Structures are given as C-alpha cells and as structure tokens.
Amino acid sequence: LAQAHSRVAGADDGAVAPRGDVELVHAAAAGDRAAMAAIWSRYARLVRSVLRAALGRDGELDDLTQDVFLRLFRTVAQIRDGAALPAILTRMAVRRAGMALRSRRVRALVTLTPSAQLPEVAVVPPDLDVRRALAVLYRLLDRVKPRQRMAFVLRDILGMDLAEVAAALELSDTAARRALTEGRKRVLRLARHEPHLGPFLAAGSRHSDGGAT
Amino acid sequence: MTSELSEHDLADLRALGALGRAGLDDKRDAAWVAATELAAGAGRRDGRGLALATAFTLAGAAAALALFVNRPAAPERTRAAAVAAAPLGYTVEPATPEAPQGNYLFADGTTVAAGADAAIAVDAAAAARPRVRIVRGRVRVRVVHRDGRQWTFHAGPYDVRVTGTAFDLTWDAAAGRVALHMREGVVEVRGPGLDGATPVRAGQDLAASIAGGAPVLTTAGAAPTGASPEERPPGSDHAGRGHETAPGRGESWRGLVGRGAFAAVLGQARERPLSACLSRCSSDELRALGDAARYSRRPALAVRALEALRRRFPDTADGTAAIFLLGRTAEAQGRFRDAAAWYARYLEDAPTGEFSVEAAAGRARAAAEAAR
C-alpha cells in the first residue's frame with residue numbers, strides 16, 4: 001500500500017509541516033474542516049486511483065471519489081487507529097468500486113446500453129493503441145468475478161502486496177491468495193484470446209515497469 | 001501465490017498491470033485533486049464567485065470546499081494547481097507543457113492565463129454559466145463560445161460578460177481599480193461608475209475605479225472617452241452603448257474593427273473590389289478584413305482574407321496569426337480536421353507565438369471532435 005500510495009498520492013506541499021494521520025483523524029472527528037480538507041488532499045488521489053483501476057474509465061469517478069470521503073467523514077469518529085487511514089480508505093474505495101460494478105451489471109440487465117458502458121467523455125487519447133487495449137482490458141475484467149477482479153487490480157495494477165490485498169478485500173490471507181490466483185488465471189485466459197492485447201502480452205517485459213510478481 | 005503461474009504468466013501479468021497503470025491517468029487525477037485541495041486549503045473568502053468543488057458533511061454540518069487558487073498565500077500549492085486545476089464540470093489541463101504555470105484550459109476551449117501575481121477563483125458549479133473571479137492581478141482570457149455557455153469574469157464589483165472573445169483583465173484589489181484591454185470581440189461590463197451594461201470592443205481599453213472618478217474608455221489611436229454620460233461631449237458617440245459611428249474614409253480598417261464597424265470594413269473591401277484587395281491590400285488591412293468577416297459571421301470571406309494574408313505575408317506576425325485564425329474559423333464551421341491541421345501548423349511555425357496557448361488547446365479540442 002505504501003508503494004501504491006507513494007505512487008498515486010500527492011505529497012503534502014504546504015508551507016507548514018504536515019500533520020500525521022492520527023492527528024488528522026482525531027481532528028476530523030472533532031469537526032475540524034481543515035483536517036478533513038487535509039485528509040482529502042493527502043488521499044484523494046489514492047482513492048481515485050483505486051476506483052479508476054477497478055472500474056476503468058467511468059463518468060462517475062468524481063462522484064465515487066467524493067462518496068468515499070463522505071462515508072469516511074460520516075464515520076471518522078469510529079476510527080480507532082488513525083495510522084490505518086490509507087488502508088481504511090483503500091478498503092472503502094474497494095467496497096465502493098464493488099457497488100459500482102454491481103450497479104453496472106444491473107444496468108446491463110435493464111439494458112440502458114447494451115454493454116452497460118456509458119459513452120466516454122471525449123478526451124484526447126495519448127495513444128490510440130493503448131486506449132483501445134485499455135478498453136479491451138476493462139471489458140475483459142467485466143467478465144471476471146468481482147472479488148477476483150479486485151484482487152487482480154489491487155495486486156497487478158496497483159502493486160499492493162498480498163497482505164494489503166487481503167485487508168482491502170476484507171479477506172483472510174488464504175482467501176485473498178485464492179482469489180488472486182483464480183483472478184489472474186481468468187484474466188490471462190481471457191487476455192490471450194484478445195487480439196488487441198496480443199502486442200502488449202508479447203512485449204510483456206518491454207511494458208513491465210517493475211510491477212508485482 | 002506464484003506457484004501455479006509460470007514465468008511467462010507472470011510476465012504477461014506484469015504487462016497487463018503496466019497497461020492498467022497506463023490507464024490510471026495520474027495527470028488528470030492530480031489535476032482534479034489539486035483543484036479540490038486548493039479549494040480546501042483556501043476556504044471560502046466571500047459568497048460570490050467561488051465554487052463548491054465538493055461538499056463533505058459531518059454530524060450534520062456541511063463543510064464546503066471552494067475551488068480557489070491563491071498564489072501568494074500558498075506558492076507550492078498554487079504551482080500544483082497552475083499545472084492543472086479541474087473545477088467540477090470542466091477539464092482543465094496545462095495549456096502548454098513547457099509553460100504550464102498559470103495557464104488554464106477549460107473543456108470548451110476557453111483559456112485563462114494568469115499573470116505571476118494573479119489570483120483567481122473558478123466557479124463552474126453552473127456549467128452553463130461558468131464564472132471566474134479575479135481576486136487580484138492580470139489575466140489573459142480567450143473565451144470560446146460553444147454550447148451557449150455564458151462566461152462571466154468578476155473583478156471586484158465589476159462584472160465582464162463574455163460571448164466569445166479575447167481580452168486582458170486586471171483587478172487592483174488594493175486600489176479598487178479595474179483595467180480591461182480588449183484584443184478580440186466584444187464584452188459587456190457592469191459595475192460602479194458605469195452606465196448599465198457597457199460594451200467594450202476589440203482595440204478598446206476600459207479603466208474604472210470604485211474609488212471615484214469617471215470610467216475611461218479608450219480606443220486605440222483615439223482620444224480617451226469618458227464612459228459615463230456626464231463625461232461625454234454632447235453629440236458624441238455613446239461608447240458605452242457600442243453604436244457604430246459613421247466610418248470615416250481616412251480611418252484604418254483596424255480602427256474600424258476596433259470600433260465594431262465591421263460592415264464598413266466589408267463595404268470598403270468590396271469597393272476596391274474584393275479580388276483586388278485580396279491581392280493588393282496591406283497585411284494590416286487583410287487582418288482587419290479577416291476579423292471583420294469573422295465577427296460578421298462571414299466565414300467564407302474570412303477564409304479568403306486570411307488565406308491571402310498567409311500567402312502574401314508568410315514571414316510576418318499577421319501572416320502567422322492568419323494560420324491560427326484559419327484554424328479558429330474552421331473550428332467554428334465544424335471542420336475539425338482542418339482546424340486541427342491549422343492549429344498544428346501554427347504551433348510548428350510559432351511554438352511560442354501570440355496564440356500558442358490557444359492553438360495547443362484548439363488542436364486538442366479539434367482532434368477530439370474529429371475523432372468522434
């Protein structure tokens with residue numbers, strides 16, 4: 001989680017020394033809006049990255065991120081270990097992503113759109129091949145069970161270690177390991193049948209940047 | 001965990017993980033968070049012009065995060081936000097990778113470049129009526145009129161309503177003075193000392209102060225004009241109403257465009273006749289003709305003038321600007337591929353030119369539209 005956090009979370013860059021998580025949680029529980037804002041500044045990118053990694057491009061990403069923090073601040077007084085704040089937020093983001101995935105499946109059933117995917121907001125693609133491959137990857141992930149999908153996302157995309165994956169999924173280490181292995185196998189099996197992912201898989205070592213093993 | 005997976009499997013998993021990470025879009029996430037964290041850090045300074053970037057509730061109390069950029073007070077955070085601030089409903093990205101600080105590019109193509117000492121607040125809570133408050137300092141603005149959005153810029157008690165134009169707006173908070181320099185188009189200004197909604201056109205400057213004294217409206221090459229009724233000589237043009245004065249034959253076309261006398265420019269060009277003008281008019285006249293045609297919604301004529309300007313004066317500032325303006329015209333006509341090509345051409349020819357920020361924004365915008 002530290003690796004994932006350090007990669008995605010913005011460092012505090014204010015003029016004053018940053019307050020620790022324990023202190024921030026305590027202050028937020030007392031209604032200190034500045035503390036809430038500081039928590040947001042410190043961890044919004046982490047939460048957003050977990051959600052994005054889990055869901056891919058999603059027009060509701062902003063709302064989902066805010067929703068995680070809303071839930072956090074509603075229950076912040078119940079947090080006993082402020083030092084666990086990043087893990088708590090990751091867990092909440094995973095839960096929220098799971099809810100969003102379930103909503104997508106419901107949407108697919110009621111057929112608002114055939115693929116249950118809303119049209120993407122237009123952005124300038126940095127690389128059309130990468131963008132296409134990403135779309136394929138997330139369509140593929142939609143065919144993986146949510147728990148296995150999240151295990152793959154947390155481990156292989158966000159680089160968490162197994163203990164962190166287990167904590168985020170609220171599973172035992174053994175159950176998390178099983179979910180991860182099954183998820184990875186399923187993802188590989190599906191990915192190897194996707195022509196658009198072929199170049200990326202064939203160039204595995206080239207695209208690797210030292211991620212999880 | 002890895003016992004049932006081969007090295008080949010792990011290599012492919014690493015590749016898929018890297019692919020997934022490529023989609024995390026850290027830059028955009030950082031932009032979004034930077035905007036909201038600034039909002040949190042600055043808090044609401046007053047009740048107007050500040051956005052609710054997000055709202056948190058705790059024990060029934062609402063905590064608001066206002067999107068706010070405050071350079072002097074928090075230089076490090078300001079830098080982060082200057083790279084990219086993302087008010088809700090808008091995507092804001094660095095206008096140019098080389099000089100991102102202080103440049104804001106909104107999803108509709110509008111750009112706001114803040115000076116080194118400027119502080120602004122962006123309120124996009126109402127997507128159709130975005131507002132920017134100039135807390136202090138000078139900003140350079142180019143508004144793209146799309147989707148019927150009504151942009152308003154607040155400088156102290158002065159409101160500048162925009163419908164697609166370019167201008168520099170300065171607010172001296174300590175002295176209570178506002179200064180507006182119009183580079184393109186027309187805006188309406190309301191505020192203390194002004195007689196209702198005062199149009200200010202391309203080439204004009206407006207200076208006003210809440211401390212007293214009459215607002216001064218100046219047209220390039222003309223004597224300053226009092227903007228208030230009391231200051232104007234009898235029978236003079238009501239600059240604040242924006243009526244066209246009778247075009248003088250000796251007046252330059254650029255001056256006429258500055259006064260909004262577009263029809264006069266088009267009429268004089270036709271009298272030469274037009275084909276002769278396109279082959280013999282000066283670069284200044286062709287630029288003015290192009291502007292007059294664009295403002296009059298005569299894109300075909302604008303293209304002819306700008307093409308002539310580009311072809312006959314390729315190594316001049318006007319000739320280079322014509323490339324950008326051709327892009328602007330093509331984009332307004334919905335010819336997005338052409339627009340993207342023109343913008344790209346401009347960036348090649350003038351990477352640090354007058355319109356480089358707008359061209360970069362335009363290229364991205366037009367490419368995205370063309371890809372739809």
Side-chain angles (χ1 to χ4, degrees), chain A residues 7-8 10 13-15 28 31 33-34 36-38 40-41 44-45 48-49 52-53 56-57 62 65-66 69-70 73-74 76 121-125 130 133-134 137-138 153 155-159 162 177 180-181 184-185 187-188 191-192 197 200-201 203-209 211-213, chain B residues 1-5 7-26 28-30 32-34 36-41 43 53-59 61 63-65 73-77 79-80 86 88-89 91 93 107 363-365 367-369 371-372:
Chain A
R7 195 181 63 72
V8 299
D13 52 8
R33 286 167 51 177
M36 292 185 226
W40 169 271
S41 296
R45 284 179 67 189
R48 196 174 165 87
S49 291
R52 192 190 287 277
R57 288 201 176 279
D62 294 354
T65 306
Q66 293 181 24
F69 281 88
L70 276 171
F73 293 135
R74 284 183 186 134
V76 68
V121 175
V123 296
V124 182
V130 171
L134 273 167
L137 174 63
Y138 278 95
V153 164
R155 177 74 177 126
D156 291 299
I157 295 181
L158 291 175
L162 184 62
R177 185 191 303 273
L180 178 59
T181 302
R184 283 175 149 184
K185 285 181 176 177
V187 169
L188 283 173
R192 286 169 177 159
L197 292 179
F200 292 86
L201 295 177
S205 57
R206 180 156 52 87
H207 285 278
S208 170
D209 60 1
T213 57
Chain B
M1 171 168 52
T2 62
S3 60
E4 298 178 55
L5 297 169
E7 283 302 316
H8 182 64
D9 292 339
L10 292 173
D12 281 350
L13 285 168
R14 280 196 294 273
L16 290 171
L19 175 61
R21 283 192 289 280
L24 289 182
D25 210 347
D26 282 351
R28 194 175 291 268
D29 287 350
W32 187 76
V33 174
T36 53
E37 74 179 4
L38 281 158
T54 188
F56 298 151
T57 55
L58 175 70
L65 296 179
E76 292 303 315
R77 290 177 174 231
R79 194 169 301 123
L88 295 180
T91 302
E93 296 177 339
R363 181 177 58 177
R365 192 173 57 242
E369 291 285 351
R372 283 186 174 182

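Only a predicted model underlies this, so the values are computations on that prediction, with no experimental measurement involved. In the text below, chain A, chain B and the rest are named by the order of the sequence lines, each starting its count at 1.
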query = Are any non-hydrogen side-chain atoms of A/R184 and B/L10 less than 4.5 angstrom apart?
reply = yes
inquiry  = A/K185 vs B/D9, test: side-chain contact (heavy atoms from CB on, under 4.5 Å). Steps then yes/no.
reply    = CA-CA 8 Å; A/K185 285 181 176 177; B/D9 292 339; over 6 Å; no
query = Between A/L137 and B/L16, is any pair of side-chain heavy atoms under 4.5 Å apart?
reply = yes
query = Between B/D12 and A/R192, is there a side-chain N and carboxylate O pair less than 4.0 Å apart?
reply = yes
request  = Take B/L19 and A/L197 through the test side-chain contact (heavy atoms from CB on, under 4.5 Å) and record every step on the way to the result.
outcome  = CA-CA 9 Å; B/L19 175 61; A/L197 292 179; 3.6 Å; yes
ask   = Which atoms of A/A53 come close to chain B, meaning under 4.5 Å heavy atom to heavy atom: side chain ones, backbone ones, both, or neither?
value = both
